[in-house]
Amino acid sequence: MTIKTTQLNQLKEEVSKCKGCLLCETRNNIVFSDGCENAPIMFIGEAPGKNEDEQGLPFVGRAGKLLRKYLEEVGYLKEDFYIANTLKCRPPQNRKPTKEEKLACEKFLLKQIEIVNPKIIVLVGATALESFIKTKITITKARGEIFEINKKLFVPVFHPSYLLRFHNEKENSPRYLFRKDLEKILLLARENES
Ligand code: URA
């Protein structure tokens, strides 16, 4: 086992015992991560939903399946990405995470980023965007932009649950822009390889 795997296992164990906010009382499972821990790209979503809470894995519900479909179509390989969320436990009724919940969970996400050490962090949706980009900017304005903070590249993209409201991919539609952003991110990772 690599040092990275050991560190992530320890962190996951710590998260599974967390009672830092009330979500510990309603969760079925913590949702820690999925994907390759040596990946150059880390996706950060908002919080687990019903399916994620049941399975203990991020992005496995309707929105998650859409995200994964796009990743595959654009050409992402299994070793290209790692997935996590700002919160590790499900907020009831899938409501937005509160400030207190985000604060309680932040240390785990920051540690996770430190261990995985990706080159690019993809901020999936407004909640992840607000957690890292402190200037007031909407996801519509920020998506597809590259923000460099402490030598790491952050790229916001639309949340796939927003994309579920649209069905076509005509030029400049949300789905069209989402695909373009995923292509740009993969290219960026390939350029930064080695
Ligand atoms: N939405 C998210 O932001 N994260 C998940 O894991 C699932 C849905």
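Every number for a ligand or one of its atoms is a count from 1 in the order of the listing. Quick caveat, the model's predicted, so the values are computed rather than measured.
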Q: Might you point out which heavy atoms bring Thr138 and Leu129 nearest each other, and give the distance in Å?
A: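 Between these two residues, the closest heavy atoms are C-CD2, 3.9 Å.
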Q: Distance check, rounded to the nearest 0.5 Å: Tyr76 atom OH versus Tyr70 atom OH?
A: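 Reported to 0.5 Å precision, the distance equals 13.0 Å.
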Q: Kindly identify the option in Gln55, Glu46, Lys50 whose heavy atom sits closest to atom 3 (O) of ligand 1.
A: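 Residue with the shortest heavy-atom distance to the ligand atom: Glu46.
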Q: Can you tell me the protein heavy atom closest to atom 7 (C) of ligand 1 and the distance?
A: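 Of the protein heavy atoms, Glu52 OE2, 3.1 Å lies nearest.
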Q: Measure the distances from the heavy atoms of Ala47 to every atom of ligand 1 and state whether one is below 4.0 angstrom.
A: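 A heavy atom of Ala47 does come that close to ligand 1.
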Q: Checking a contact table here: which protein heavy atom is nearest atom 4 (N) of ligand 1, and how many Å away?
A: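 Atom 4 (N) of ligand 1 sits closest to the protein heavy atom Asn85 OD1, 2.9 Å.
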Q: From Asn117 CG over to Glu114 CD, what is the distance, rounded to the nearest 0.5 angstrom?
A: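 So the CG of Asn117 and the CD of Glu114 are separated by 8.5 Å.
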Q: Give the numbers and elements of all ligand 1 atoms closer than 4.0 Å to a heavy atom of Gly45.
A: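 Near Gly45, the atoms of ligand 1 are 3 (O).
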Q: Ignoring hydrogens and geometry beyond distance, is a side-chain donor-acceptor pair present between Lys4 and Asn38 at under 3.5 Å?
A: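 Yes - a donor-acceptor pair under 3.5 Å links their side chains.
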Q: Could you say whether the N/O atoms of Phe59 and ligand 1 ever approach to under 3.5 Å?
A: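 For ligand 1, there is an N or O atom that lies under 3.5 Å from one belonging to Phe59.
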Q: Are a donor atom and an acceptor atom from the side chains of Gln10 and Lys111 found within less than 3.5 Å of each other?
A: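 On atom types as modelled, these side chains do not qualify, holding no pair under 3.5 Å.
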Q: Could you list the residues that satisfy side-chain hydrogen bond (donor to acceptor under 3.5 Å, both in side chains) with Asn29, not counting sequence neighbours?
A: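 Once residues adjacent in sequence are excluded, Asn29 has no partner under the side-chain hydrogen bond (donor to acceptor under 3.5 Å, both in side chains) criterion.
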Q: Going by the order shown, which atoms of ligand 1 are within less than 4.0 Å of some heavy atom of Pro58?
A: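 Answer, ordered by atom number: 6 (O).
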